[in-house]
2 protein chains.
Amino acid sequence: MEISTTPSGEARRIHGDDLQIMARVPLFAGLTPEALVDIAGQSQVSRVPRGATLFRQGDAAKVLHVLLEGQVALMAGVEGGGEQTMLEILDSGESFIAAALLTGKPYLMSAMALAPCRLMEIPRDALLTRLRANPDLALAMLASLSRHFRLLIQEVKDLKLKSASQRLALYLMGLTQRRRGSVTLRLPHNKGLIAARVGVRPETLSRAFAHLKGQGVGVDGQMVTIADLARLGRYCHEGREIV
Amino acid sequence: MEISTTPSGEARRIHGDDLQIMARVPLFAGLTPEALVDIAGQSQVSRVPRGATLFRQGDAAKVLHVLLEGQVALMAGVEGGGEQTMLEILDSGESFIAAALLTGKPYLMSAMALAPCRLMEIPRDALLTRLRANPDLALAMLASLSRHFRLLIQEVKDLKLKSASQRLALYLMGLTQRRRGSVTLRLPHNKGLIAARVGVRPETLSRAFAHLKGQGVGVDGQMVTIADLARLGRYCHEGREIV
DNA sequence: TACTTCGATTGACGGAAGTCAAAGTAAAGT
DNA sequence: ACTTTACTTTGACTTCCGTCAATCGAAGTA
């Protein structure tokens with residue numbers, strides 16, 4: 001179940017196409033092509049297979065990870081092991097674990113590849129010198145960190161104030177841009193993973209789906225149909241008393 | 001119960017002593033005295049009484065707040081109002097709501113003064129230009145944001161993986177630097193506020209305290225005695241099955 | 001002293017979600 | 001096709017915590 005990444009074996013220098021991908025990464029927004037090349041020259045790109053562990057909670061943070069391609073889950077558990085909870089799912093273009101890197105403290109979470117990934121790894125020292133030299137990079141990094149910060153705050157609020165069914169509804173709403181009418185969508189992960197994302201056990205997820213039938217949500221395997229997005233949106237924001 | 005702050009009435013320019021306080025604020029760590037004066041010149045200091053609301057969830061973020069003196073609670077609730085949860089308690093020297101300011105989006109939480117406060121307010125534009133001009137400030141801000149980010153991650157982990165009694169134990173451990181032996185300490189707030197901080201109702205807090213008697217924690221009004229800090233620390237990190 | 005008020009505690013109850021176990025279903029390998 | 005395996009659902013039960021209500025105590029006030 002745990003395939004360890006082998007950076008030395010798979011890592012390599014930057015490929016030409018990677019610069020084009022970098023240009024679309026929010027963290028590098030507004031940087032000059034020269035600055036991109038400069039950063040790329042300091043970094044390595046590695047490929048990891050689905051299921052690989054990128055790093056583990058408690059490890060020392062040595063590099064900033066930028067997800068060029070693929071999908072990564074950030075998980076955390078109690079120190080002893082055992083119970084785990086998922087904190088975030090990252091898609092390509094996201095950078096992650098900036099906070100651990102900047103504070104110089106060990107990772108608070110582990111990262112697992114949900115799909116085959118290509119990752120850019122920027123060494124800590126190289127990043128710090130460039131942050132110092134390049135205000136645009138520093139501001140982009142502040143913006144990126146701020147965005148994740150706010151996602152996390154929303155996460156805490158939802159955990160404390162919403163029911164499992166409401167959190168599932170919020171997750172489903174997050175899978176589409178639309179806010180009204182009806183949609184049919186495919187779940188991007190298996191239900192066990194979605195359960196972890198929503199913050200419940202798989203059994204509870206099943207029951208939450210059953211519960212959402214009353215709100216016009218139908219499930220068939222990976223396919224989910226939402227009869228009325230506006231209605232489901234209202235359900236998400238209901239106070240707890242109205243179930 | 002809601003005393004609104006009146007920035008126009010109470011705000012004023014920077015006082016000489018404030019510069020010395022600023023020098024001890026982590027956000028301004030490593031800045032030259034000139035830079036401090038520069039920032040101070042752009043900012044205002046306001047005093048607010050205990051119980052005042054500094055800003056409200058949903059307001060537009062216009063200034064960065066730096067708590068020179070006092071104590072502030074950050075709370076959040078569902079949009080409709082009603083239920084609230086506390087996200088963080090800030091002490092003097094902390095800056096807050098950088099994330100809302102940098103993303104340019106409305107506050108996700110409200111801020112309430114738990115004690116009489118003196119606050120420095122740095123306007124958004126002034127801050128952004130100085131972040132651009134001063135790498136030290138940008139790095140300090142990244143460090144500050146990172147620190148809060150990690151606190152929040154820990155918060156999410158604790159909420160998902162620890163029981164109410166364990167979270168209370170963690171809160172108590174946070175009140176002292178020591179990690180072994182026995183201590184007697186005074187609770188810094190009334191129990192209702194502590195309950196909100198721990199993320200439970202006041203009734204549940206009472207029961208959690210009763211539960212912790214079994215771990216050598218005694219309560220008498222505001223005074224709490226912990227017979228064995230190491231033991232309580234172990235209790236905090238136990239898996240859920242061992243109660 | 002008596003009265004009010006607010007904070008804290010205690011008890012009884014209910015509901016949401018976790019746990020355990022079993023059964024059902026789908027996917028993959030032989 | 002048949003087996004094996006993993007994923008998902010369902011049911012019964014437990015536990016934790018929230019809710020409601022009553023009580024108690026301390027602080028302040030008349």
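First the proteins, then the strands, lettered A, B, ... as listed; each starts at 1. Keep in mind that the numbers below use all heavy atoms, side chains included, and drop hydrogens, waters and symmetry copies. Keep in mind it's a predicted model, so treat the numbers as computed, not measured.
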So for the helix from C/dT1-D/dA30 to C/dT30-D/dA1, with five pairs setting each end axis, what is the inter-axis angle to 10°?
20°

Would you find a donor on one side and an acceptor on the other, under 3.5 Å apart, between the side chain of B/Asp220 and the backbone of B/Met223?
no

Expressed in angstrom and rounded to an integer, what is the separation of B/Arg167 atom CZ from D/dG18 atom C1'?
13 Å

Whole-Å gap separating P (C/dT9) and CG (B/Leu168)
11 Å

Checking B/Lys191 against B/Phe209: charged group under 6.0 Å from the ring centre and within 45 degrees of the axis?
yes

Rounded to whole Å, please give me the gap between CD in B/Gln222 and C1' in C/dT9.
15 Å

Say whether, by atom type as modelled, one donor and one acceptor occur between the side chain of A/Thr53 and the main chain of A/Phe55 under 3.5 angstrom.
no

Send over the distance from A/Asn190 CG to D/dT5 C1', rounded to a whole Å.
14 Å

So which heavy atom on A/Val198 is nearest to which on A/Leu168, and how close?
CG1-N, 3.8 Å

When rounded to the nearest 0.5 angstrom, what is the spacing between CG in A/Leu54 and OG in A/Ser110?
10.0 Å

d(CZ, A/Phe209; P, D/dC7) in whole Å:
17 Å

Go through the steps for B/Phe96 and B/His148 under the test ring-ring contact (aromatic ring centres under 6.0 Å, His included), then give the verdict.
CA-CA 9 Å; B/Phe96 52 107; B/His148 283 280; 8.7 Å; no

So which protein nitrogen or oxygen atoms get under 3.5 Å of nucleotides 22-24 of chain C's nitrogens or oxygens?
none

Could you check how far CD of B/Gln84 sits from P of D/dG18, rounded to whole Å?
16 Å

Give a yes or no on whether the backbone of A/Pro188 and the side-chain of A/Gln222 come within a donor-acceptor separation of less than 3.5 Å.
no

Any side-chain donor paired with an acceptor under 3.5 Å for B/Gln166 and B/His237?
no

Which residue, A/Arg150, A/Arg167, A/Lys160, A/Arg197, forms the salt bridge (charged side-chain N to carboxylate O under 4.0 Å, His left out) with A/Glu155?
A/Arg197

Spacing of A/Lys162 atom NZ relative to C/dA17 atom C1', expressed in whole Å
18 Å

Rounded distance in Å - CG (A/Asp220) to P (D/dC7):
19 Å

Which value, rounded to the nearest 0.5 Å, describes the distance between A/Ile226 atom CD1 and A/Leu175 atom CG?
7.5 Å

DNA chain D-proximal residues of residues 193-205 of chain B, any heavy atom under 4.0 Å:
B/Gly199, B/Val200, B/Arg201, B/Glu203, B/Thr204

Starting from the 5' end of DNA chain C, give me the residue, B/Arg207 or B/His189, whose nearest nucleotide shows up first.
B/His189

Between B/Arg201 and B/Glu203 (side chain of the first, backbone of the second, donor and acceptor by atom type, cut-off under 3.5 Å), is there such a pair?
no

